[in-house]
Engineer: 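What follows is a single structure, and I will ask about it in a moment.
For reference, positions follow the sequence shown, starting with 1. The figures that follow rest on heavy atoms only: side chains count, while hydrogens, waters and symmetry mates do not. Start at 1 and go down the list; that is how both ligands and their atoms are numbered.
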Amino acid sequence: MNIPARLLQDLQQVKGFNEEAFIAAHQQPAVTSVRLHPVKHSKAFAANEQVPWCSEGRYLNERPVFTLDPLYHAGAYYVQEASSMFLQQVLKETVSDNNNLRVLDLCAAPGGKSTLLASFLGPDSLLISNEVIRTRASILEENMTRWGYMNTWVTSNDPRDLARLTGYFDVIVVDAPCSGSGLFRKDARALDEWSEANVQLCSQRQQRILADVWPALKEDGVLIYATCSYSPQEDEQILDWLATELDVTGIKVSSNAEWGVVETTSGRGLHGYRFSPDKVKGEGFFIAALRKTSAADSMRPVRYKTLHDKKAHQQSSYLLHTDFLCLQADKESYHAINPIHEADWHQLQGKVYLRKTGVQLGIPTAKDWLPAHDVALSINRSASLPSIELSKEQALKFLRKEDFDLPTANKGWFLLTYNGLGLGWIKSLGNRFNNYLPKHWRIRMEIPDADWE
Ligand code: SAM
């Protein structure tokens with residue numbers, strides 16, 4: 001791999017940069033890692049080597065075809081680059097309590113940071129996982145559904161629109177679109193598309209995004225800024241821009257010397273954390289945490305009548321084990337949120353585009369309730385739902401929406417599980433069944449013979 005000369009030149013000024021080691025590390029393959037779900041326990045990768053800065057992070061010796069693992073589809077783990085899991089360490093050191101927080105993940109697709117945030121936050125906290133690009137927002141929605149948390153809501157708004165939520169968030173994570181040099185080993189396109197001009201363009205876009213969303217952070221709130229770029233123009237120089245334009249102080253995050261993370265200091269004294277594959281077991285990454293020191297306007301509380309639908313709640317409450325609030329999303333379908341977040345729901349409803357709030361419950365029919373796919377993947381689903389455990393072959397056939405035999409004498413709805421984790425619904429008609437896996441969730445790839453078992 002030929003690293004662009006201009007990038008190497010820019011990196012000469014970076015603390016700890018060792019050109020020879022950096023180039024040599026880029027001749028090695030990328031590291032593969034996953035982050036385990038803290039609630040959906042499974043045997044998958046649990047015994048593997050731990051990513052040192054993340055309790056649920058695990059290294060893999062090789063990259064399997066994740067699509068062929070039903071546990072991946074059940075949300076037992078998320079495939080995430082190891083360096084970016086340092087967000088867990090940053091959260092532990094900057095947020096004293098993980099409950100009653102309002103957190104925004106502004107640039108969230110496909111969902112790596114958001115699934116980590118969801119795992120970190122307590123149930124009374126609210127995570128708004130936002131992605132401006134609609135097609136990417138649907139991937140985000142799918143990944144957050146798979147992760148299964150009721151207190152994660154997916155939105156699709158421009159950062160400017162989220163500024164309407166003045167002083168609302170305790171934590172804002174901006175994992176900014178960047179020139180992507182940190183991903184050279186993972187993605188050949190990142191190398192092909194790298195240019196000095198693009199670094200400049202990204203730097204300006206990053207400033208615009210940060211300035212746009214800034215009003216939404218409350219006083220003393222924490223901004224976590226990250227990129228997967230090595231370029232100081234997108235890293236330390238952005239911290240300096242923040243220190244010049246906005247009222248911030250830096251937050252120091254501790255790390256073990258053995259981890260190989262390089263703490264850098266921007267010209268204006270703000271701390272940043274650099275990850276480089278010649279020093280850490282992971283890809284290129286940069287992260288920094290800052291505190292807002294200026295006052296922020298707060299939003300007026302809204303008056304509202306509860307939209308909790310008691311009748312639908314009674315009908316659907318067998319689906320979930322938690323005490324939830326049942327709201328009607330549109331004319332037909334219902335969704336469940338934590339009752340503590342009802343005021344938030346009303347407040348946000350009028351101001352931003354909410355794509356998915358909480359767990360979709362499904363649709364009532366004349367004599368029945370059509371359960372939503374969300375419920376099957378929710379960590380709050382009731383443990384007493386009628387369910388059928390599948391073999392790997394059956395699970396893959398279900399996920400491909402192929403025919404397969406199931407010994408279901410009884411009629412009605414059944415949750416299909418694999419290793420005890422929900423995969424989706426079928427409705428049994430006695431002698432046959434209908435597969436209710438949403439079409440766009442279907443595995444499309446052909447499955448090699450050896451992978452059925
Ligand atoms: N946080 C994600 C994760 O951990 O999986 C990765 C985010 S990626 C580095 C940056 C995201 O910013 C992309 O999903 C991209 O679509 C989005 N984006 C692009 N332009 C943007 C803009 N002008 N404002 C906000 N987000 C933008």
Engineer: After noting the C-alpha distance and the side-chain angles of Arg291 and Asp220, does the key distance pass the salt bridge (charged side-chain N to carboxylate O under 4.0 Å, His left out) rule?
Structural biologist: CA-CA 6 Å; Arg291 199 174 293 285; Asp220 285 332; 5.4 Å; no

Engineer: Do any nitrogen or oxygen atoms of Ile133 lie less than 3.5 angstrom from nitrogen or oxygen atoms of ligand 1?
Structural biologist: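 No, Ile133 has no N/O under 3.5 Å of an N/O on ligand 1.
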
Engineer: Could you tell me whether Asp105 and ligand 1 have an N or O pair separated by under 3.5 Å?
Structural biologist: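 For ligand 1, there is no N or O atom that lies under 3.5 Å from one belonging to Asp105.
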
Engineer: Looking only at protein heavy atoms, identify the closest one to atom 5 (O) of ligand 1 and say how far it is in Å.
Structural biologist: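 For atom 5 (O) of ligand 1, the nearest protein heavy atom comes out as Gly112 N, 2.8 Å.
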
Engineer: What heavy-atom pair brings Asn98 and Phe120 nearest, and what distance separates the two atoms?
Structural biologist: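 Scanning both residues, the minimum pair turns out to be ND2-O, 2.7 Å.
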
Engineer: Look at atom 18 (N) of ligand 1 and say which protein heavy atom is nearest, naming residue and atom and giving the distance to 0.1 Å.
Structural biologist: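 For atom 18 (N) of ligand 1, the nearest protein heavy atom comes out as Pro177 CG, 3.8 Å.
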
Engineer: In this structure, does ligand 1 have an atom that sits under 4.0 Å from one of the heavy atoms of Ser84?
Structural biologist: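 Under 4.0 Å: no for Ser84.
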
Engineer: With heavy atoms of Ala176 as the reference, note each atom of ligand 1 found under 4.0 Å away.
Structural biologist: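 Atoms satisfying the 4.0 Å criterion: 9 (C).
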
Engineer: Identify, with sequence neighbours excluded, every residue that meets ring-ring contact (aromatic ring centres under 6.0 Å, His included) alongside His37.
Structural biologist: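 Checked His37 against ring-ring contact (aromatic ring centres under 6.0 Å, His included); matches are Trp147, Tyr149.
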
Engineer: Should the pair Phe86 and Tyr273 be assigned to parallel (<30°), tilted (30 to 60°) or perpendicular (>60°) ring geometry?
Structural biologist: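 Ring orientation, 0 to 90° scale: tilted.
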
Engineer: Any side-chain hydrogen bond (donor to acceptor under 3.5 Å, both in side chains) involving residues 169-185? Give me the pairs, sequence neighbours left out, ordered by first then second residue.
Structural biologist: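 Sorted result for residues 169-185: Lys113-Asp175, Asp170-Lys218, Ser179-Ser229, Ser179-Glu234, Arg185-Glu283.
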
Engineer: Would you call the rings of His335 and Trp345 parallel, tilted or perpendicular, where under 30° means parallel and over 60° means perpendicular?
Structural biologist: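 Ring orientation, 0 to 90° scale: tilted.
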
Engineer: I need the atoms of ligand 1 closer than 4.0 Å to a non-hydrogen atom of Ile209, numbered in the order shown.
Structural biologist: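 Close to Ile209: 22 (C), 23 (N), 24 (N), 25 (C).
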
Engineer: Based purely on interatomic distance, does Gly111 place a nitrogen or oxygen under 3.5 Å from a nitrogen or oxygen of ligand 1?
Structural biologist: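 Yes - when backbone and side-chain N and O of Gly111 are compared with those of ligand 1, one distance drops under 3.5 Å.
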
